[in-house]
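Remember, predicted model here, so these are calculated numbers, not experimental data. The figures here come from the full heavy-atom set of this structure, side chains too, leaving out hydrogens, waters and symmetry mates. Chain A is the first sequence line, chain B the second, and so forth, proteins listed ahead of strands; every chain is numbered from 1.
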There are 2 protein chains.
Amino acid sequence: MSYEQLKLDNQLCFPVYAASRLITSEYQPYLNELGITYPQYLVLMVLWEKGDSYVNDIARKLILNTNTITPLLKRMEHQGIIERKRSAKDERKVVVSLTAYGRSMEKKAAKIPELLANKLLSDKLDLHDIVSLKNKLEVLIEMLKK
Amino acid sequence: MSYEQLKLDNQLCFPVYAASRLITSEYQPYLNELGITYPQYLVLMVLWEKGDSYVNDIARKLILNTNTITPLLKRMEHQGIIERKRSAKDERKVVVSLTAYGRSMEKKAAKIPELLANKLLSDKLDLHDIVSLKNKLEVLIEMLKK
DNA sequence: CTAATTTATATCGTGCACGATATTTTATTT
DNA sequence: AAATAAAATATCGTGCACGATATAAATTAG
(Lines give C-alpha, C1' and ligand atoms only; values in the text may rest on other atoms or scores of the structure.)
Protein backbone atom coordinates (compact mmCIF):
# COMPACT_ATOMS: atom_id res chain seq x y z
CA MET A 1 0.00 0.00 0.00
CA SER A 2 1.39 3.36 -0.99
CA TYR A 3 2.43 6.38 1.00
CA GLU A 4 -0.41 8.22 -0.74
CA GLN A 5 -2.76 6.42 1.63
CA LEU A 6 -1.86 8.96 4.28
CA LYS A 7 -3.75 11.58 2.32
CA LEU A 8 -7.03 12.58 3.81
CA ASP A 9 -9.02 11.98 0.64
CA ASN A 10 -7.87 8.39 0.25
CA GLN A 11 -9.47 7.21 3.42
CA LEU A 12 -12.88 5.93 4.32
CA CYS A 13 -12.69 7.11 7.89
CA PHE A 14 -12.78 10.82 7.30
CA PRO A 15 -15.83 10.68 4.99
CA VAL A 16 -17.74 8.68 7.59
CA TYR A 17 -16.73 11.10 10.32
CA ALA A 18 -17.65 14.17 8.26
CA ALA A 19 -20.89 12.68 6.94
CA SER A 20 -21.97 11.79 10.46
CA ARG A 21 -21.60 15.37 11.66
CA LEU A 22 -23.26 16.82 8.57
CA ILE A 23 -26.24 14.47 8.70
CA THR A 24 -26.71 15.18 12.40
CA SER A 25 -26.76 18.88 11.65
CA GLU A 26 -29.50 18.27 9.06
CA TYR A 27 -31.63 16.88 11.88
CA GLN A 28 -31.07 19.86 14.13
CA PRO A 29 -33.80 22.20 12.84
CA TYR A 30 -36.46 19.51 13.27
CA LEU A 31 -35.11 18.33 16.62
CA ASN A 32 -34.96 21.90 17.89
CA GLU A 33 -38.73 22.06 17.47
CA LEU A 34 -38.94 19.08 19.82
CA GLY A 35 -36.29 20.51 22.14
CA ILE A 36 -34.00 17.49 21.89
CA THR A 37 -30.60 16.50 20.50
CA TYR A 38 -29.84 13.75 17.99
CA PRO A 39 -28.65 11.20 20.60
CA GLN A 40 -31.79 11.95 22.62
CA TYR A 41 -33.86 11.34 19.47
CA LEU A 42 -32.18 7.95 19.13
CA VAL A 43 -33.15 7.07 22.69
CA LEU A 44 -36.73 8.10 21.95
CA MET A 45 -36.82 5.91 18.84
CA VAL A 46 -35.85 2.92 20.96
CA LEU A 47 -38.50 3.71 23.56
CA TRP A 48 -41.24 4.43 21.00
CA GLU A 49 -40.52 1.13 19.30
CA LYS A 50 -39.78 -1.13 22.27
CA GLY A 51 -41.50 0.55 25.22
CA ASP A 52 -39.98 0.39 28.70
CA SER A 53 -36.33 -0.55 28.43
CA TYR A 54 -33.36 -1.12 30.66
CA VAL A 55 -30.51 1.37 30.43
CA ASN A 56 -28.28 -1.44 29.28
CA ASP A 57 -30.56 -2.41 26.38
CA ILE A 58 -30.76 1.16 25.15
CA ALA A 59 -26.99 1.47 25.39
CA ARG A 60 -26.45 -1.76 23.43
CA LYS A 61 -28.83 -0.72 20.68
CA LEU A 62 -27.17 2.66 20.28
CA ILE A 63 -23.68 1.16 20.78
CA LEU A 64 -22.97 3.63 23.56
CA ASN A 65 -21.58 3.07 27.04
CA THR A 66 -23.51 3.81 30.20
CA ASN A 67 -21.14 6.66 30.98
CA THR A 68 -22.62 8.40 27.94
CA ILE A 69 -26.20 7.19 28.32
CA THR A 70 -26.69 7.81 32.03
CA PRO A 71 -26.17 11.59 31.98
CA LEU A 72 -28.12 11.80 28.71
CA LEU A 73 -31.07 10.01 30.31
CA LYS A 74 -30.86 12.26 33.35
CA ARG A 75 -31.17 15.30 31.13
CA MET A 76 -34.19 13.74 29.41
CA GLU A 77 -35.72 12.94 32.80
CA HIS A 78 -35.14 16.52 33.88
CA GLN A 79 -37.01 17.70 30.77
CA GLY A 80 -39.96 15.46 31.65
CA ILE A 81 -39.54 13.24 28.59
CA ILE A 82 -38.77 10.00 30.41
CA GLU A 83 -38.78 8.44 33.87
CA ARG A 84 -36.11 6.24 35.42
CA LYS A 85 -36.65 3.80 38.24
CA ARG A 86 -34.84 0.82 39.69
CA SER A 87 -36.25 -2.53 38.70
CA ALA A 88 -37.95 -4.35 41.58
CA LYS A 89 -36.83 -7.75 40.29
CA ASP A 90 -33.19 -6.80 39.90
CA GLU A 91 -32.09 -3.78 41.86
CA ARG A 92 -29.05 -3.33 39.63
CA LYS A 93 -31.17 -2.48 36.62
CA VAL A 94 -32.89 0.81 35.85
CA VAL A 95 -36.10 0.83 33.82
CA VAL A 96 -36.52 3.77 31.46
CA SER A 97 -40.10 4.63 30.50
CA LEU A 98 -41.77 7.38 28.51
CA THR A 99 -43.86 10.03 30.20
CA ALA A 100 -47.12 11.11 28.56
CA TYR A 101 -45.16 14.04 27.16
CA GLY A 102 -42.47 11.72 25.79
CA ARG A 103 -45.12 9.57 24.13
CA SER A 104 -46.79 12.64 22.66
CA MET A 105 -43.58 13.57 20.86
CA GLU A 106 -43.83 10.54 18.57
CA LYS A 107 -46.48 12.05 16.33
CA LYS A 108 -44.55 15.29 15.88
CA ALA A 109 -41.40 13.29 15.09
CA ALA A 110 -43.12 11.05 12.57
CA LYS A 111 -42.49 13.44 9.70
CA ILE A 112 -38.74 13.69 10.33
CA PRO A 113 -37.56 10.55 8.45
CA GLU A 114 -39.37 11.65 5.30
CA LEU A 115 -38.04 15.20 5.53
CA LEU A 116 -34.52 13.87 5.99
CA ALA A 117 -34.84 11.40 3.15
CA ASN A 118 -35.82 14.25 0.84
CA LYS A 119 -32.71 16.14 1.87
CA LEU A 120 -30.40 13.17 1.34
CA LEU A 121 -31.79 12.02 -2.00
CA SER A 122 -30.66 13.75 -5.19
CA ASP A 123 -29.82 13.16 -8.83
CA LYS A 124 -26.39 12.01 -7.72
CA LEU A 125 -27.58 9.76 -4.90
CA ASP A 126 -30.78 7.77 -5.31
CA LEU A 127 -32.66 5.42 -3.02
CA HIS A 128 -30.64 2.47 -4.27
CA ASP A 129 -27.40 4.21 -3.27
CA ILE A 130 -28.76 5.05 0.16
CA VAL A 131 -29.83 1.46 0.78
CA SER A 132 -26.49 0.16 -0.43
CA LEU A 133 -24.70 2.63 1.85
CA LYS A 134 -26.80 1.59 4.80
CA ASN A 135 -26.20 -2.12 4.18
CA LYS A 136 -22.45 -1.80 3.83
CA LEU A 137 -22.19 0.37 6.92
CA GLU A 138 -24.18 -2.20 8.85
CA VAL A 139 -21.76 -4.93 7.80
CA LEU A 140 -18.92 -2.69 8.94
CA ILE A 141 -20.63 -1.99 12.25
CA GLU A 142 -21.21 -5.68 12.94
CA MET A 143 -17.52 -6.31 12.27
CA LEU A 144 -16.32 -3.56 14.55
CA LYS A 145 -18.61 -3.77 17.53
CA LYS A 146 -16.61 -6.06 19.78
CA MET B 1 -43.37 6.67 3.17
CA SER B 2 -44.48 4.41 5.98
CA TYR B 3 -44.58 4.83 9.73
CA GLU B 4 -42.03 2.03 9.86
CA GLN B 5 -39.46 4.58 8.76
CA LEU B 6 -39.30 5.76 12.34
CA LYS B 7 -37.54 2.54 13.23
CA LEU B 8 -33.91 2.87 13.99
CA ASP B 9 -32.85 0.13 11.59
CA ASN B 10 -34.51 1.69 8.58
CA GLN B 11 -32.39 4.77 8.58
CA LEU B 12 -29.07 5.71 7.09
CA CYS B 13 -28.24 8.25 9.73
CA PHE B 14 -27.76 5.93 12.66
CA PRO B 15 -25.40 3.57 10.79
CA VAL B 16 -23.24 6.52 9.76
CA TYR B 17 -23.22 7.84 13.31
CA ALA B 18 -22.39 4.45 14.82
CA ALA B 19 -19.79 3.58 12.19
CA SER B 20 -18.05 6.88 12.74
CA ARG B 21 -17.62 6.25 16.44
CA LEU B 22 -16.56 2.64 15.93
CA ILE B 23 -13.99 3.48 13.27
CA THR B 24 -12.57 6.27 15.41
CA SER B 25 -12.17 3.82 18.27
CA GLU B 26 -10.24 1.50 15.94
CA TYR B 27 -7.70 4.29 15.49
CA GLN B 28 -7.29 4.88 19.20
CA PRO B 29 -4.64 2.24 20.01
CA TYR B 30 -2.36 3.55 17.25
CA LEU B 31 -3.03 7.20 18.04
CA ASN B 32 -2.38 6.58 21.73
CA GLU B 33 1.17 5.61 20.79
CA LEU B 34 1.50 9.06 19.23
CA GLY B 35 -0.29 10.73 22.12
CA ILE B 36 -2.99 12.31 19.94
CA THR B 37 -6.72 12.07 19.27
CA TYR B 38 -8.43 11.36 15.96
CA PRO B 39 -9.32 15.00 15.19
CA GLN B 40 -5.71 15.94 16.00
CA TYR B 41 -4.56 13.23 13.58
CA LEU B 42 -6.73 14.81 10.89
CA VAL B 43 -5.06 18.18 11.49
CA LEU B 44 -1.66 16.55 11.22
CA MET B 45 -2.61 14.91 7.91
CA VAL B 46 -3.48 18.31 6.52
CA LEU B 47 -0.19 19.80 7.73
CA TRP B 48 1.93 16.85 6.55
CA GLU B 49 0.37 17.11 3.12
CA LYS B 50 0.04 20.86 2.67
CA GLY B 51 2.62 22.36 5.02
CA ASP B 52 1.99 25.65 6.81
CA SER B 53 -1.74 26.39 6.74
CA TYR B 54 -4.16 29.01 7.95
CA VAL B 55 -6.61 28.00 10.67
CA ASN B 56 -9.40 28.69 8.26
CA ASP B 57 -8.03 26.34 5.58
CA ILE B 58 -7.63 23.52 8.08
CA ALA B 59 -11.16 24.11 9.33
CA ARG B 60 -12.59 24.05 5.80
CA LYS B 61 -10.79 20.83 4.91
CA LEU B 62 -12.02 19.07 8.04
CA ILE B 63 -15.46 20.71 7.78
CA LEU B 64 -15.15 22.04 11.32
CA ASN B 65 -15.75 25.51 12.74
CA THR B 66 -13.04 27.59 14.33
CA ASN B 67 -14.72 27.22 17.70
CA THR B 68 -13.78 23.55 17.49
CA ILE B 69 -10.43 23.96 15.78
CA THR B 70 -8.99 26.79 17.86
CA PRO B 71 -8.96 24.97 21.20
CA LEU B 72 -7.84 21.78 19.46
CA LEU B 73 -4.86 23.61 17.94
CA LYS B 74 -4.03 25.18 21.28
CA ARG B 75 -3.82 21.74 22.85
CA MET B 76 -1.54 20.59 20.02
CA GLU B 77 0.62 23.69 20.48
CA HIS B 78 0.83 22.95 24.19
CA GLN B 79 2.06 19.44 23.37
CA GLY B 80 4.78 20.87 21.14
CA ILE B 81 3.34 19.36 17.95
CA ILE B 82 2.57 22.62 16.15
CA GLU B 83 3.18 26.36 16.33
CA ARG B 84 0.67 29.15 15.78
CA LYS B 85 1.49 32.69 14.82
CA ARG B 86 -0.33 35.64 13.32
CA SER B 87 0.33 36.21 9.65
CA ALA B 88 2.41 39.33 8.97
CA LYS B 89 0.52 40.07 5.76
CA ASP B 90 -2.93 39.77 7.31
CA GLU B 91 -3.09 40.14 11.05
CA ARG B 92 -6.48 38.44 11.14
CA LYS B 93 -5.06 35.13 9.99
CA VAL B 94 -3.11 32.62 12.06
CA VAL B 95 -0.51 30.40 10.40
CA VAL B 96 -0.24 26.89 11.79
CA SER B 97 3.11 25.13 11.25
CA LEU B 98 4.61 21.83 12.33
CA THR B 99 7.42 21.70 14.87
CA ALA B 100 10.32 19.31 14.31
CA TYR B 101 8.50 16.96 16.65
CA GLY B 102 5.27 17.29 14.69
CA ARG B 103 7.12 16.51 11.47
CA SER B 104 8.82 13.53 13.07
CA MET B 105 5.44 11.98 13.83
CA GLU B 106 4.70 11.43 10.15
CA LYS B 107 6.94 8.39 9.81
CA LYS B 108 5.43 6.71 12.86
CA ALA B 109 1.94 7.42 11.52
CA ALA B 110 2.68 6.10 8.05
CA LYS B 111 1.75 2.55 8.99
CA ILE B 112 -1.68 3.50 10.38
CA PRO B 113 -3.71 3.55 7.12
CA GLU B 114 -2.56 0.05 6.22
CA LEU B 115 -3.27 -1.27 9.71
CA LEU B 116 -6.73 0.26 9.61
CA ALA B 117 -7.43 -1.06 6.11
CA ASN B 118 -6.65 -4.56 7.34
CA LYS B 119 -9.14 -4.15 10.15
CA LEU B 120 -11.90 -2.83 7.88
CA LEU B 121 -11.50 -5.37 5.08
CA SER B 122 -13.10 -8.79 5.43
CA ASP B 123 -14.85 -11.53 3.48
CA LYS B 124 -18.04 -9.54 3.81
CA LEU B 125 -16.56 -6.18 2.83
CA ASP B 126 -13.85 -6.02 0.20
CA LEU B 127 -11.82 -3.18 -1.27
CA HIS B 128 -14.48 -2.54 -3.88
CA ASP B 129 -17.12 -2.07 -1.20
CA ILE B 130 -14.89 0.31 0.74
CA VAL B 131 -14.21 2.43 -2.33
CA SER B 132 -17.91 2.48 -3.20
CA LEU B 133 -18.74 3.49 0.37
CA LYS B 134 -16.17 6.27 0.29
CA ASN B 135 -17.42 7.61 -3.04
CA LYS B 136 -21.08 7.69 -2.05
CA LEU B 137 -20.28 9.34 1.26
CA GLU B 138 -18.27 11.98 -0.56
CA VAL B 139 -21.22 12.74 -2.83
CA LEU B 140 -23.39 13.04 0.28
CA ILE B 141 -20.85 15.32 1.97
CA GLU B 142 -20.66 17.63 -1.03
CA MET B 143 -24.45 17.87 -1.01
CA LEU B 144 -24.67 18.65 2.66
CA LYS B 145 -21.79 20.99 3.31
CA LYS B 146 -23.41 24.40 3.02
C1' DC C 1 -22.89 -20.19 53.56
C1' DT C 2 -19.16 -17.06 52.79
C1' DA C 3 -15.95 -15.32 49.32
C1' DA C 4 -14.95 -14.17 44.78
C1' DT C 5 -16.70 -12.83 40.43
C1' DT C 6 -19.82 -10.87 37.31
C1' DT C 7 -23.36 -7.59 36.00
C1' DA C 8 -25.56 -3.00 35.86
C1' DT C 9 -25.25 1.59 36.59
C1' DA C 10 -22.97 5.73 37.92
C1' DT C 11 -19.07 9.21 38.67
C1' DC C 12 -15.03 11.77 37.15
C1' DG C 13 -11.96 13.94 33.92
C1' DT C 14 -10.70 15.29 29.21
C1' DG C 15 -11.57 16.41 24.55
C1' DC C 16 -14.38 17.29 20.95
C1' DA C 17 -18.63 19.68 18.40
C1' DC C 18 -21.33 23.49 17.76
C1' DG C 19 -24.68 27.59 18.46
C1' DA C 20 -24.27 32.21 19.89
C1' DT C 21 -21.51 35.99 20.47
C1' DA C 22 -17.24 38.98 20.79
C1' DT C 23 -12.93 41.06 19.06
C1' DT C 24 -9.78 42.56 15.84
C1' DT C 25 -8.26 43.49 11.34
C1' DT C 26 -9.06 44.29 6.49
C1' DA C 27 -12.04 45.71 2.71
C1' DT C 28 -15.80 48.46 0.92
C1' DT C 29 -19.08 52.39 0.85
C1' DT C 30 -20.46 56.81 0.99
C1' DA D 1 -11.48 60.02 5.48
C1' DA D 2 -15.14 58.23 8.40
C1' DA D 3 -18.62 54.81 8.60
C1' DT D 4 -20.04 50.32 7.49
C1' DA D 5 -19.53 45.76 6.32
C1' DA D 6 -16.98 41.57 5.85
C1' DA D 7 -13.48 38.24 7.21
C1' DA D 8 -10.69 35.56 10.58
C1' DT D 9 -10.15 33.97 14.91
C1' DA D 10 -11.47 33.44 19.63
C1' DT D 11 -14.56 32.93 23.86
C1' DC D 12 -18.43 30.92 26.33
C1' DG D 13 -21.85 27.52 27.45
C1' DT D 14 -23.97 22.98 26.80
C1' DG D 15 -24.08 18.29 25.48
C1' DC D 16 -22.09 14.36 23.94
C1' DA D 17 -18.30 10.41 23.86
C1' DC D 18 -15.32 7.63 26.22
C1' DG D 19 -11.35 5.79 29.26
C1' DA D 20 -10.75 4.83 33.97
C1' DT D 21 -12.70 3.89 38.11
C1' DA D 22 -16.33 3.23 41.79
C1' DT D 23 -20.42 1.17 43.89
C1' DA D 24 -23.88 -1.97 44.71
C1' DA D 25 -26.63 -5.95 43.70
C1' DA D 26 -26.82 -10.60 41.92
C1' DT D 27 -24.50 -14.88 40.63
C1' DT D 28 -21.19 -18.41 41.03
C1' DA D 29 -17.42 -20.91 43.32
C1' DG D 30 -15.32 -23.10 46.92
Options [options], nucleotide nearest the side-chain atoms of [X]:
X       : options                : result
B/Thr37 : D/dA20, C/dG19, C/dC16 : C/dC16
A/Leu72 : C/dT25, D/dT9, D/dC16  : D/dC16
A/Asn67 : C/dC18, D/dA20, D/dT9  : D/dA20

[N], OP1 or OP2 - any side-chain N/O from [X] closer than 4.0 Å?
X       : N      : value
A/Tyr17 : C/dA17 : yes
A/Arg86 : D/dA24 : no
B/Thr70 : D/dA10 : yes

Gap between atoms [atom1] and [atom2], on [X] and [N] respectively (whole Å):
X       : N      : atom1 : atom2 : value
A/Asn65 : C/dC12 : CG    : C1'   : 15 Å
A/Gln40 : D/dG15 : CD    : P     : 8 Å
B/Lys93 : C/dA27 : NZ    : C1'   : 12 Å
A/Gln28 : C/dA20 : CD    : C1'   : 14 Å
A/Arg75 : D/dT14 : CZ    : P     : 12 Å
A/Tyr27 : D/dC16 : OH    : P     : 16 Å
A/Lys89 : C/dA8  : NZ    : P     : 15 Å
A/Leu31 : C/dG19 : CG    : P     : 13 Å

Item to complete: By nearest nucleotide on DNA chain D, pick out whichever of B/Lys74 and B/Arg60 is the more 5' one.
Response: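 Result of the comparison: B/Arg60.
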Fill in: First of A/Ile63 and B/Leu73 reached from the 5' end of DNA chain D, by closest nucleotide
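Nearest nucleotide further toward 5': that of B/Leu73.
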Discussion item. Ring pair (Phe, Tyr, Trp, His ring centres under 6.0 Å), that's the test. Do A/Tyr41 and A/Tyr30 meet it? Break it down for me.
Written reply: CA-CA 11 Å; A/Tyr41 173 63; A/Tyr30 309 119; 10.0 Å; no
Sidechain N-carboxylate O distance under 4.0 Å for [X], [Y]:
X        : Y        : answer
B/Glu138 : A/Lys124 : no
B/Glu114 : B/Lys119 : no
A/Glu106 : A/Arg103 : no
B/Arg84  : B/Glu77  : yes

Practice prompt. Test for a donor-acceptor pair under 3.5 Å between the base of C/dT9 and the side chain of A/Arg92, counting only N and O atoms.
Written response: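 There is none.
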Worksheet entry | Polar side-chain contact A/Thr66-C/dA10 base: donor and acceptor under 3.5 Å |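 Yes, the side chain and the base share a sub-3.5 Å donor-acceptor pair.
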Worksheet item: For B/Tyr38 and A/Ser25, take the nucleotide of DNA chain C holding the closest heavy atom to each; which residue's nucleotide lies nearer the 5' end?
Response: B/Tyr38
Discussion item. Go nucleotide by nucleotide along DNA chain C from the 5' end; which of A/Leu22 and A/Val55 gets its closest nucleotide reached first?
Written reply: A/Val55
Worksheet item: Parallel, tilted or perpendicular for A/Tyr38 and B/Tyr17, by the 30°/60° rule?
Response: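 Plane angle over 60°, so perpendicular.
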Discussion item. Categorize A/Leu64 for me: base, sugar-phosphate, or nothing, with a 4.0 angstrom heavy-atom threshold over every strand shown.
Written reply: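 If one applies the 4.0 Å heavy-atom cut-off, A/Leu64 turns out to touch the sugar-phosphate alone, with no base involved.
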